[in-house]
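Excluded from the calculations below are hydrogen atoms, water molecules and symmetry mates; all remaining heavy atoms, backbone and side chain alike, are included. The first residue in the sequence is number 1, and the count goes up from there. None of these values were measured; they are calculated from a predicted model.
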Amino acid sequence: MQDFTITPTRRSFLRGSAAVAGAGILSASPFRKTWAAAFPERNIQILIPTGEGGGADRDARMFSTVWRKYLNTNFEYSYYPGAAGQVGYEFYAAKSEPDCYNLLFGNLGPEIIMQAMQKPKAKLGKDFIYFCQTTDETMCVFVGKNSKIKTIEQLVDEAKKRVVTVATSRLPHPASIGVLALGEATGAKFQLVPFGGGNPSAMAAITGEVDCCTLPITNAIQLDKEVLILTVFSKKNVFGEMADNAPPVNDVFGTKIPELSSSRGFAIHVKAIETYPDRFKTIEESVKKAALDPEYADLVEKAGMPRSFVRYGGREETVAFAEEMLALAEKYGSLLAAKKK
């Protein structure tokens with residue numbers, strides 16, 4: 001499914017003028033080579049490996065609203081959810097042209113874990129590479145406001161008496177790793193229940209369908225009075241009252257669970273970088289300008305998220321994040337696999 005928006009641009013105006021002038025005049029122009037080298041000459045396609053209307057869709061649209069100022073083009077979106085993102089990545093690698101007009105906007109944390117566990121045909125570093133991140137957020141555990149459980153200690157105590165159900169957007173996810181690692185460290189019994197997205201997962205906790213939920217902290221902060229955040233998988237809760245002053249999990253239990261976060265950002269075909277380095281340079285430079293533009297942070301804030309979620313990372317930093325996530329997937333993959341049986 002695609003969303004398509006066209007607004008007049010200087011480039012489209014010039015193309016229209018050239019058409020009126022006639023192909024003969026254009027071919028005789030000494031500027032023909034310059035025109036042929038222009039990039040982009042058409043809309044940029046953004047593939048999202050999750051469903052329309054989800055967090056990745058929201059973030060991609062917010063970002064491209066600002067990005068079009070620097071790339072001077074429009075964007076089209078397509079959605080390929082399924083198999084924790086595997087469907088979208090394989091379609092992107094095999095079916096879209098590696099010409100720098102086709103990008104993928106992904107949720108790096110869970111989708112890198114998916115790549116480590118499900119071994120899709122599309123290979124990170126061979127077929128595609130992440131070249132920037134736009135946001136970064138920590139994972140958390142929360143309950144519905146009406147839950148009898150009010151602290152992470154109470155939740156763990158309850159999970160030592162019986163199996164506690166935990167909603168998660170998908171099994172290969174940093175939040176899932178956090179809960180399973182907490183269970184392993186404390187002896188608590190958690191049963192992950194994937195709901196196929198952040199919103200249905202959160203609603204399951206609010207309505208009491210499950211005992212609690214684990215997700216990126218954005219989801220919980222946006223739900224505000226509907227939920228109570230119990231803990232965060234980071235060294236410090238930098239969001240304070242916005243995140244219910246929930247304590248870091250390691251501070252409560254003396255555990256050594258690693259910091260767990262997820263970043264959203266863009267990927268591109270490796271072949272596109274090799275074949276069209278000038279085009280890729282234009283993309284890389286313009287995406288950085290958009291990410292650092294205060295208007296982007298304003299849009300994030302208007303969407304109900306802290307401005308501190310905005311965190312630009314270039315190719316080197318994003319690749320480093322991917323490598324760290326792959327290491328986590330290797331370390332905790334057996335826990336996730338055990339829950340899939």
Side-chain angles (χ1 to χ4, degrees), residues 1-5 44-67 75-92 96 102-115 118 120 122 130 132-140 142 166-176 192-207 209-210 213-224 226-227 260-267 296 299-306 309-311 325:
M1 188 171 180
Q2 281 189 342
D3 177 74
F4 181 55
T5 305
I44 298 293
Q45 309 287 326
I46 298 178
L47 186 150
I48 297 173
T50 49
E52 184 177 15
D57 185 20
R58 173 203 62 203
D59 289 1
R61 289 172 183 273
M62 277 196 298
F63 188 81
S64 56
T65 296
V66 180
W67 193 9
F75 299 86
E76 297 178 46
Y77 310 91
S78 57
Y79 309 90
Y80 293 88
Q86 182 175 352
V87 172
Y89 278 81
E90 293 193 345
F91 185 92
Y92 178 75
S96 61
N102 293 287
L103 305 177
L104 184 147
F105 187 78
N107 195 340
L108 274 62
E111 287 158 21
I112 289 172
I113 295 171
M114 175 275 294
Q115 290 155 30
Q118 298 175 193
Y130 300 107
C132 81
Q133 67 177 51
T134 57
T135 58
D136 182 68
E137 57 181 312
T138 190
M139 303 296 114
C140 73
F142 62 89
V166 186
T168 184
S169 61
R170 37 186 161 173
L171 284 174
H173 197 291
S176 302
L192 293 172
V193 184
F195 277 82
N199 290 333
S201 301
M203 289 305 108
I206 291 171
T207 60
E209 184 177 353
V210 294
C213 181
T214 186
L215 285 173
I217 201 166
T218 302
N219 302 74
I221 287 177
Q222 287 183 314
L223 289 167
D224 192 18
E226 298 295 320
V227 305
L260 295 166
S261 64
S262 184
S263 297
R264 288 207 168 100
F266 290 94
Y296 175 52
L299 290 174
V300 169
E301 190 171 46
K302 287 178 182 176
M305 297 175 285
F309 283 5
V310 176
R311 182 182 173 187
M325 197 55 62

Task: Side-chain H-bond candidate by donor/acceptor type, Ser263 with Tyr130, under 3.5 Å - done: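 Not at all, the side chains of Ser263 and Tyr130 share no donor-acceptor pair under 3.5 Å.
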Open item on the list: If we ignore hydrogens and angles and just use 3.5 Å, is the side chain of Glu226 paired with the main-chain N or O of Met203 as donor and acceptor?
Closed with: no
Open item on the list: Has Gln118 got a side-chain atom pairing as donor or acceptor with Gln86's backbone, closer than 3.5 angstrom?
Closed with: no
Quick one: closest heavy-atom pair of [X] and [Y], and the distance?
X      : Y      : answer
Gly106 : Leu104 : N-CD2, 3.8 Å
Arg170 : Pro110 : NH2-CG, 3.5 Å
Gly198 : Asn219 : CA-ND2, 3.8 Å
Leu260 : Pro174 : CD1-O, 3.5 Å
Leu108 : Met325 : O-CG, 4.4 Å
Leu223 : Ala202 : CD1-CB, 3.5 Å

Can you tell me how far apart [atom1] ([X]) and [atom2] ([Y]) are? Round to the nearest 0.5 Å.
X      : Y      : atom1 : atom2 : answer
Ile113 : Ser176 : CD1   : OG    : 7.5 Å
Phe63  : Leu299 : CZ    : CG    : 11.0 Å
Tyr77  : Leu47  : OH    : CG    : 13.0 Å
His173 : Glu111 : NE2   : CD    : 9.0 Å

Open item on the list: Taking side chain to side chain contact (heavy atoms under 4.5 Å, CB included) as the criterion, tell me which of Val66, Thr65, Asp59 meets it with Met62.
Closed with: Asp59
TODO: Identify the residue among Thr138, Thr218, Asn107 that makes a side chain to side chain donor-acceptor pair (under 3.5 Å) with Ser262.
DONE: Asn107
- [ ] List in chain and number order the residues that pass side-chain contact (heavy atoms from CB on, under 4.5 Å) with Asn102, two or more places apart in sequence or in another chain; answer none if no residue qualifies.
- [x] Gln45, Tyr92, Ser96, Glu97, Asp99, His269
Open item on the list: Restricting to side-chain contact (heavy atoms from CB on, under 4.5 Å), what partner residues turn up for Ala56, sequence neighbours left out?
Closed with: Ile48, Thr50, Phe105, Arg264
- [ ] Evaluate the side-chain contact (heavy atoms from CB on, under 4.5 Å) criterion for residues Glu209 and Phe195: first the C-alpha distance (whole Å), next the side-chain angles of each, then the deciding distance (0.1 Å), finally the verdict.
- [x] CA-CA 11 Å; Glu209 184 177 353; Phe195 277 82; 3.7 Å; yes
Please tell me if the side chains of [X] and [Y] come closer than 4.5 Å, counting only heavy atoms from C-beta onward.
X      : Y      : result
Phe142 : Ile217 : no
Pro306 : Glu301 : no
Glu137 : Ile221 : no

